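Every value quoted in this text rests on a predicted model; they were computed, and no experiment measured them. All values below come from the heavy atoms of this structure, side chains included, with hydrogens, waters and symmetry mates left out. In each ligand, atom 1 is the first atom listed, and ligand 1 is the first ligand listed. In what follows, residues are counted from 1 in the order of the sequence shown.
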Amino acid sequence: MVITAHPDDAEFTVAGTVARWAREGQEVIYVICTDGSRGSNDPKIEPAALAVIRKAEQDAAARVLGVKEVVYLGYEDGTLEPALALRRDLTRAIRRYRPDVVVCSDPTMRFYGDGYLNHPDHRAAGDAALDAVFPSAGTRHIFPELLAEGLEPHDVKEVYVHGHPTPNHWIDISDTIECKIAALEQHKSQVGGWDDLAEGIRAWAQEAGAGQGMAYAESYKRIVLG
Ligand SMILES: [Zn+2]
């Protein structure tokens with residue numbers, strides 16, 4: 001299960017891993033927290049209309065990667081908070097789909113390099129995802145309303161946190177990097193006209209794989225829950 005803030009986040013970050021796992025026969029579920037409706041500064045584009053476009057783009061990207069299902073939580077883009085309502089919704093998704101692995105962003109990352117402030121929605125989604133994995137998903141009497149929905153506790157086995165400054169696990173995406181790029185290109189409202197997109201993604205994955213004997217990689221802090 002891949003939990004992200006926005007449509008396109010998974011394609012930018014973990015889609016090579018997603019495509020690889022799907023090819024290996026794993027079932028991959030996406031959970032997208034926000035509607036992506038604020039992802040344009042064009043005054044002619046209405047947020048509600050953009051949300052429809054971005055859902056279609058995310059569905060198309062998921063099809064390219066072999067993702068089995070995309071769950072949209074529909075929170076408003078740009079103002080996501082790691083509040084109990086979001087934690088409950090993510091706990092519900094984990095108990096319903098019962099994933100072995102949850103993939104999410106690093107909620108502790110405020111800065112990347114000297115030129116990028118991490119989007120607060122990314123931090124909020126990662127924070128709520130980790131709190132949903134533990135303790136909410138596996139603890140019977142947290143969110144008793146989920147028990148009333150018939151959702152029994154579920155223990156996630158592993159967490160893969162992307163965007164962590166000191167990763168401890170690398171996934172070789174040499175066979176799926178082109179699939180990742182093709183999926184990312186489905187997000188036309190976000191990356192349309194971005195000339196060096198493919199080169200940028202390849203360079204990023206090359207950097208991640210350097211020193212690991214991998215041509216292209218995605219890196220994670222992997223936590224194996226005992
Ligand atoms: Zn994003």
Subject >> Gap separating the CZ atom of R95 from the CZ atom of F143, nearest 0.5 angstrom >> reply: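 Answer rounded to 0.5 Å: 8.5 Å.
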**OP:** Give every residue pair that meets the side-chain hydrogen bond (donor to acceptor under 3.5 Å, both in side chains) criterion with at least one member in residues 205-216, sequence neighbours excluded.
**Re:**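 side-chain hydrogen bond (donor to acceptor under 3.5 Å, both in side chains) check on residues 205-216 returns no pairs.
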Original post:
In the hydrophobic clustering (ILVMFWY, side-chain contacts below 4.5 Å, transitive), which residues join Y116, or is it alone?
Top reply: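 M109, Y112, listed by chain and number.
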Just list the side-chain donor-acceptor pairs under 3.5 Å for residues 44-54, sequence neighbours left out, or say none.
from	atom 1	to	atom 2	distance (Å)
R54	NH1	G36	O	3.0
R54	NH2	P7	O	2.5
R54	NH2	D8	OD2	3.3

Original post:
Do any protein N, O or S atoms sit under 2.8 Å from the Zn ion (ligand 1), and which ones are they?
Top reply: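 Listed by chain and number, the nearby protein N, O or S atoms are H6 ND1, D9 OD1, H122 NE2.
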Original post:
H6 and D77: side-chain donor and acceptor closer than 3.5 Å?
Top reply: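 Result is yes, a qualifying pair exists.
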Original post:
Would you call E81 and R123 a salt bridge, using N to O less than 4.0 angstrom?
Top reply: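 Salt bridge: no.
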